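Since the model is a prediction, treat every value here as computed from it, not as a measurement. Atoms considered below: every heavy atom in the structure, side chains included; atoms not considered: hydrogens, waters and symmetry mates.
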Amino acid sequence: MASATDVSRQIPAWEVGCNSSNGSLPVVGNEHNDASENLSQSTTGKPPRNLSCIRHCSSTAILHNPELDVGIVGLKSPSTENSGYLPIFRSGSCSDKGPKQYMEDEYIRVDNLHQYLSTAVNCPVSGAFYGVFDGHGGTDAASFTRKNILKFIVEDSQFPSGTKKAIKSAFVKADHALADSKSVDSSSGTTALTALILGRTMLIANAGDSRAVLGKRGRAVELSKDHKPNCTSERLRIERLGGVIYDGYLDGQLSVARALGDWHIKGAEGSKSPLSAEPEFEEINLTEEDEFLIIGCDGLWDVMSSQFAVTIVRKELMIHNDPEQCSKALVKEAIRRNSCDNLTVVVVCFSPDPPPKIEMPRSHKRRSISAEGLDLLKGVLDNAI
């Protein structure tokens, strides 16, 4: 991944984001290549990071003002076993190294899993796969994981009947391969967030502080948890395994509690380490209300709430219906808000059509004020004169 955007209006079945030594984003099999936008920066500050986030809220509030940067929380879609609905996948991505000297992020997009899989792998339903990998200590771990994670998943004996077990095994296999590989720097590490969709079942796997957010009729639905060392559950796990947290950093070195690689911290292979490579999962059944998925590295979420990102993407889709342009808009806004990190965003749409306009129901109730209320108001006004 690098400082320009790889535009793919005719979405390929298989696309990966990779690094470039000259700081420009590589183009993968596309004849519609746009130059990087001249993304201007402003002095707009970061949003408050202490906004409470109550997961699994069933609020139906819709934000029409994109300037309202309010966090909305996780919600599982209801089961619709008898529904004949099947999503249609199309995606876009954007990458920028931001103010950093080097690009260490990677991403992967597979809109058609059948085209990727070999004939030896049985996958009875349509599917797709997406991932973002935020590297640190160099690009080795992120690049290796991007190249191999899907292969490790589909080649696992549990795939596709035991998808969750196959993904968990793939994360561990990739982590151990990073320890064993002679061509990978042992001090290199990466977060990993993947979205595997089979039919209308979407399984999010996350190890690190990247984030997956579902756009559900204008609401933001968080499908992953940021694995920060100060997060209560992560802090307790770290301390139980003998780790310490200094100023928000695990062992004073890492700002994440879960990552692949980083074997200079993990120690001997097979030992229990406070730095875990095991992913956390969120599984939902997609319905017609689920319009798109945003997955992005923490450079985006450091300066933008989940709801604000969903509001931007939905508004953009209603204008041009292009997930690539939506990804550009998110990166451009993050840079305008002075993001201090590399930026990687993938937007996945589940329908060929743009989101419908949301009509707010009109109230037919007549409102009036009582005689007592009029007298009280008259008294207040008289006293004010």
Peer 1: Does CZ in F281 sit with more than 12 non-hydrogen atoms of other residues, nucleotides or ligands closer than 6.0 Å?
Peer 2: yes
Peer 1: Can you confirm whether the side chains of D140 and S188 place a donor and an acceptor under 3.5 Å from each other?
Peer 2: no
Peer 1: Search all heavy atoms of D290 against all heavy atoms of Y85 and return the closest pair with its distance.
Peer 2: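 Smallest interatomic distance, heavy atoms only, reads O-OH, 4.2 Å.
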Peer 1: Using a 4.5 Å cut-off on heavy atoms from C-beta on, say whether the side chain of F171 contacts that of T194.
Peer 2: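 Yes, close enough: below the 4.5 Å cut-off.
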Peer 1: For G138, does its backbone N or O pair with a side-chain atom of E104 as donor and acceptor, under 3.5 Å?
Peer 2: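 Checked: pair present.
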Peer 1: Which atom pair, heavy atoms only, marks the closest approach of K228 to S255?
Peer 2: CD-O, 3.6 Å
Peer 1: Centre of F308's six-membered ring, under 6.0 Å away, within 45 degrees of the axis: is that where NZ or CZ of R337 sits?
Peer 2: yes
Peer 1: F350 vs F89 aromatic rings, parallel, tilted or perpendicular, using cut-offs 30° and 60°?
Peer 2: perpendicular
Peer 1: Pick one: which of V132, V331, D298, L300 meets side-chain contact (heavy atoms from CB on, under 4.5 Å) with T344?
Peer 2: V132
Peer 1: Is it possible for you to say whether F292 and I319 belong to one hydrophobic cluster, with membership spreading through side-chain heavy-atom contacts below 4.5 Å?
Peer 2: no
Peer 1: Check D175 against A259 and note the closest heavy-atom contact, atom names and distance.
Peer 2: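 Smallest interatomic distance, heavy atoms only, reads OD1-O, 4.4 Å.
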Peer 1: Would you mind checking if E234 and R258 are paired as a salt bridge, meaning a charged N to carboxylate O distance below 4.0 Å?
Peer 2: yes
Peer 1: Does a salt bridge link K173 with D156, judged by any charged N lying under 4.0 Å from a carboxylate O?
Peer 2: no
Peer 1: Check the surroundings of atom NZ in K151: do more than 12 heavy atoms from other residues, nucleotides or ligands lie under 6.0 Å from it?
Peer 2: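 More than 12 within 6.0 Å, yes.
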Peer 1: Going by distance alone, is a donor N or O of one side chain under 3.5 Å from an acceptor N or O of the other, for R109 and S93?
Peer 2: yes
Peer 1: How far apart are the closest heavy atoms of H264 and S187, and which atoms are they?
Peer 2: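 Where H264 meets S187 most closely, the heavy atoms are ND1-CA, 3.3 Å.
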Peer 1: If hydrophobic clusters are built from ILVMFWY residues whose side chains come within less than 4.5 Å, do I265 and Y249 share one?
Peer 2: no
Peer 1: Should L178 and L254 be regarded as members of a common hydrophobic cluster, given that ILVMFWY residues are connected when their side-chain heavy atoms come within less than 4.5 Å of each other, either directly or indirectly?
Peer 2: no
Peer 1: Does R235 pair with E239 as a salt bridge, N-O distance under 4.0 Å?
Peer 2: yes
Peer 1: When clusters are formed by joining ILVMFWY residues with side-chain heavy atoms under 4.5 Å apart, either directly or through shared neighbours, do V172 and L193 land in the same one?
Peer 2: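 They do not share one cluster, since no chain of ILVMFWY contacts under 4.5 Å joins V172 to L193.
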Peer 1: Are I204 and V256 connected in the hydrophobic side-chain network, where two residues link if heavy atoms are under 4.5 Å apart?
Peer 2: no
Peer 1: Tell me if the CG atom of D180 is crowded by more than 12 foreign heavy atoms within 6.0 Å.
Peer 2: yes
Peer 1: Is it the case that more than 12 heavy atoms not belonging to K168 sit under 6.0 Å from its NZ atom?
Peer 2: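 No - once you tally the heavy atoms of other residues, nucleotides and ligands closer than 6.0 Å, there are 12 at most.
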Peer 1: Side chains of S210 and D134: is there a donor and an acceptor less than 3.5 Å apart?
Peer 2: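 Short answer, no.
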